[in-house]
Enquirer: 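I'd like to ask some things about the structure below.
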Amino acid sequence: MGKERCAVIGIGQTKYASTRGDVSMAGLVREAAYRALEDAEMTWQDIDAVVLGKAPDFFEGVMMPELFLADALGCAGKPMLRVHTAGSVGGSTALVATTLVQAGIHDRVLLVGFEKQSESNAMWALSLPQPFSVSINAGAGGYFSPIIRQYMEVSQAPELIGCLVAFKDRQHALKNPYAHLHQKDLTFEQVVDSPMLWEPIRYSETCPSSDGACAMVLGNEATADAADKPVAWVQATAMRSEANNFPGRNDVSPLASRQCAQDLYRQAGIQNPRAEIDMLEMYVPFSWYEPMWLESLGFAEDGQGWRLVEDGSTQLDGGDLPVNCSGGVLSSNPIGASGTIRFAEAALQVRGLAEERQVDGVRRALGHAYGGGAQYFAMWIVGSEKP
Amino acid sequence: MSAKIPKPTALAKPVQLPERIANVEQVRSVRTPISLNYDFIPGQAAQAYLTAFGEKRILGQRSPVDGAVFVPPRGVDPRFGVATTEYVELPDKGHIGSFCVTQVPIPGRDDLELPYISAWIFLDGADIGFIGLVGECDTADCRIGMRVEAVWKDDDQIAQTAENIKWWRPTGEPDVAFDQAGGRGFAARQAARADGTGHASQPNSANPASQ
Amino acid sequence: MRDIAIVATSMVQTLAMDTDTEVEFMVPVISDVKRQVSMEAQDFGFICSGSSDFLAGQAFSFVHTLDAVGAVPPISESHVEMDGAWALYEAWVKLQLGEVDTALIYSYGKTSPGSLRDVLATQLDPYYVTPLWPDAHSLAALAARIGLESGQFTATDMAAVAARSLRNATDNPLAVRSAKTHPNLTTAENILAEAEVVPPLRELDCAIDVDGGVAVVIAAEDEARRLCDRPVWIRGIDHRIDAQNIGARDLTRSESAAKAAAQAGMANGCFNGEKLDFIEFYAPYSYQELILLSELGLIDELGLSADGSGGANGDDFINPSGGVLAGHTMMGSGLMRLAEASQRISQGKGDRALAHATSGPLLQQNLICVLEGE
């Protein structure tokens, strides 16, 4: 049987902030969901099923919070799924929802990714004492820093490439009203001078910890064709996972990342991603991951990704391959939603609704998320034309 | 919130509280302390590892598929999902696969002076790295490929815990070349094993039951 | 819809995995199904798992368990923080696309390190309910009392369910509680003589929490026939959720179970007009089985007595495995119901079965799957 076409019809985001103390968890997800429904010109009654994604439950201290959120998301009597694939979860959530539409199970699916890190203590959640290992790794920065150090050694990239990425994404964030960080007066020198936390990672090269939710309404072809506003057609989807620590693993450019991208391009009929994809929303929680993923995803030769950063190709202003026009994870990081935001921002660009952060004439955009020890990958390509 | 973002229409109407509680101070947050106790068991592989570690010996496990050595052992070769049952004893020497100079304190580790170096230690004969602290080394001198050895705690502080090694210190031996350091050296080690010349890095079999 | 079948299953369950980690006890389970279909991890079109960090007491716990799969080279994979039955649902949807033909699904739960009764209190509304710290048995007792006092069922009905579970579990190697462990409690009368531990619940009204894991392989159409002699076809599958609010729900009902059953093709206790040969319910409390029977229309339409005997159908009609009262693997028991039903059908002990999975407090979320032998 044939695969149904699927499109993004509505998108809704909350304002991202370190503490959204004005809303409960239920209020937070409803805020995003309502905006997505309004964008799609739908009501709760139009939704057939809901897919919720978020990262570890310990971040809020609620086990399987989709259960108590079912009511807030209008799920009573409907199917509800809860996805958790580590940091890539926001992307995986969109892919599970896409599959429900493509398989012809549902006509219209609401998906929501969220995290309310302020309601618990993420540092505590990540360092719950485990009696059989030594705890000397301070959070994700301590994990990814040695990998970034290897990339710097292999690529011989100039030392300040990471700072260029961080400064660029913070500039982009100024054009995105939803972004957590709005650092209007930030200078490149301040990024360079910010303290080293996990050398070679500076404070300004790391992501914030945010509260927030991002929702999308996906619809089948008939629903999308009837929509008043432009839609973004899902042209390709892929997920890949690999083990965390195994002999000979390439942890700078994991095979799972490369294969996931190749699968995506095969589905979308893309030969040359650099030429055929107009913009990217990539999961870059530490600045150096922008050049690393550009290589892994095939936008640059191995060891050359940093050149796209250096020559400004990835800037919204004047670049030919703008990356993270939303400000990226470096400017907003509600973990469970961070992947959803990447996927949603890619769709917004295709729909031409990204306002101040809009890239001209986006026909195809790629949304990307990763998680775990850079071992879980979720990606999609959305476009203005039907697949 | 940002004035630029209008509220969703459905949420735009202000909440109307009943008259009699309209002036009551609002609850801004609720604090619910959660305490759950878990009694962990280490599992078979970690049990053997910790028992040996309590005798200042380091145990790994060998893959039944291609002989690759895992330390600490977890009872499985994650590449194939097959159980690993053969134990091998490894030397307390190796090299740094990569490292991080950390300026961030860790909850519960007040003993760590900042900055400290955490590194992926690849023991001689092991094919994956594990996290260790590097000591007796200036942060500027630490390098990928640098040879290190364990500095054990004093005998009266050794126990069946993961914390018996105080840190890893430079041995002063020549570095392992970058392209052979860490995971990058695996292919060469496998080739050496295959043609029998891998003597220098070939660990001896050990039986955890002999303890 | 594409025809999709269960073609391999493997399970492990014991009171407490006191020497093995989750990875260590899942390696043999996953290896077993891979061996049954002669496939490696990379040969499956899709892999999906279900588990909970709150059981492991560790964030990202499922990342470690991925080591049991053999995910090198990379696999196409996803994870739900739900019972494995929903992981199977996700995989079933994936196979409907027609792009891949096989999927490996697994789930597991190790509750022995903590107290599940208390851990489950964190599933409730964190602002209004969890701070009161109601444990799972106490909530179930509230609901059971409503059922008893409204006359929907009697204490004898509940005891009969528990007694039948012990009888049916006798030959189930995965059962931790059975007539072997409780030889004097195989009748409702004897159970009623036992003390109530959380009134009105007796010990045997409550599932016994254990450690375990399950792996299942599903395959589409010809691929299913190629991989095993008697594929067990998924004829209907659906899942629904109710609002959680315990004060607002009618706790003597499970509307989501009724709706899921209807969507899966059930009506008046029959599937497309055909009678079922047996049912595997995931009912962690005896009274919940009675509610589920009622929601499925089985009590009324089949003239089935609610005395636990399965009426004219005999003991084996309901939970021939003994169900989760005989051993409850949190996050695994739902997928295990599907695996139990599938095994029984493939052994020729029935042609058509309903398997049920639940999640959340007091039957909040339910999945119904109708299985048929080739």
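The figures here come from the full heavy-atom set of this structure, side chains too, leaving out hydrogens, waters and symmetry mates. Here is how names work: the chains are called A, B, and so on, in the same order as the sequence lines, proteins then strands, and each is numbered from 1.
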Enquirer: Where on Met17(C) is there a heavy atom nearer than 4.5 Å to chain B: the side chain, the backbone, both, or neither?
Expert: backbone
Enquirer: If you count heavy-atom pairs under 4.5 Å between each of Val30(B), Asn37(B), Asp39(B) and chain C, which one has the most?
Expert: Asp39(B)
Enquirer: Tell me, for Gln44(B) versus chain C, whether the close heavy atoms (under 4.5 Å) come from the side chain, the backbone, both or neither.
Expert: both
Enquirer: Looking at Lys56(B), I want to see if its NZ is surrounded by more than 12 non-hydrogen atoms of other residues, nucleotides or ligands under 6.0 Å.
Expert: yes
Enquirer: Report which part of Ala41(C) has an atom under 4.5 Å of a heavy atom belonging to chain B: side chain, backbone, both, or neither.
Expert: neither
Enquirer: Over all heavy atoms of both residues, which pair between Val23(C) and Val76(B) is shortest? Give the atoms and the distance, please.
Expert: CG1-CG1, 3.5 Å
Enquirer: Quick check for you: to the nearest 0.5 Å, what is the distance between Lys110(C) atom NZ and Ile41(B) atom CD1?
Expert: 3.5 Å
Enquirer: What are the two closest heavy atoms between Thr21(C) and Pro42(B), and how far apart are they?
Expert: CG2-O, 3.3 Å
Enquirer: Using heavy-atom distances under 4.5 Å, tell me whether Arg74(B) contacts chain C through its side chain, its backbone, both, or neither.
Expert: both
Enquirer: Check whether more than 12 heavy atoms from other residues, nucleotides or ligands sit under 6.0 Å from atom CG of Asn23(B), and answer yes or no.
Expert: no
Enquirer: Just verifying a value: how many Å separate Phe80(B) CZ and Lys34(C) NZ, rounded to the nearest 0.5 Å?
Expert: 10.0 Å
Enquirer: Nearest 0.5 Å, please: how far is OH in Tyr38(B) from OG in Ser112(C)?
Expert: 11.5 Å
Enquirer: Side chain from CB out, backbone as N, CA, C, O: work out which of these in Pro28(C) comes under 4.5 Å of a heavy atom of chain B, or both, or neither.
Expert: neither
Enquirer: Below 4.5 Å from any heavy atom of chain C, which atoms of Ser35(B) appear? Answer side chain, backbone, both or neither.
Expert: backbone
Enquirer: Working to the nearest 0.5 angstrom, can you tell me the gap between Ile34(B) CD1 and Thr130(C) OG1?
Expert: 6.5 Å
Enquirer: Which atoms of Thr19(C) are under 4.5 Å from chain B, going by heavy atoms: the side chain, the backbone, both sets, or neither?
Expert: both
Enquirer: Which atoms of Ile75(C) come close to chain B, meaning under 4.5 Å heavy atom to heavy atom: side chain ones, backbone ones, both, or neither?
Expert: neither
Enquirer: Report the residues that fulfil ring pair (Phe, Tyr, Trp, His ring centres under 6.0 Å) with Tyr127(C), sequence neighbours left out, ordered by chain and then residue number.
Expert: none
Enquirer: Measure across Gly81(B) and Val27(C) and return the closest heavy-atom pair with its distance rounded to 0.1 Å.
Expert: O-CG1, 3.4 Å
Enquirer: Given a strict heavy-atom distance threshold of 4.5 Å, which part of Val27(B) is in contact with chain C: side chain, backbone, both, or neither?
Expert: neither
Enquirer: Which answer fits Phe25(C), side chain, backbone, both or neither, if we ask what part of it has an atom under 4.5 Å from a heavy atom of chain B?
Expert: neither
Enquirer: For atom CD of Gln190(B), is the number of surrounding heavy atoms from other residues, nucleotides or ligands below 6.0 Å larger than 12?
Expert: yes
Enquirer: Could I get the full list of side-chain contact (heavy atoms from CB on, under 4.5 Å) partners for Tyr128(C), not counting sequence neighbours?
Expert: Asp125(C)
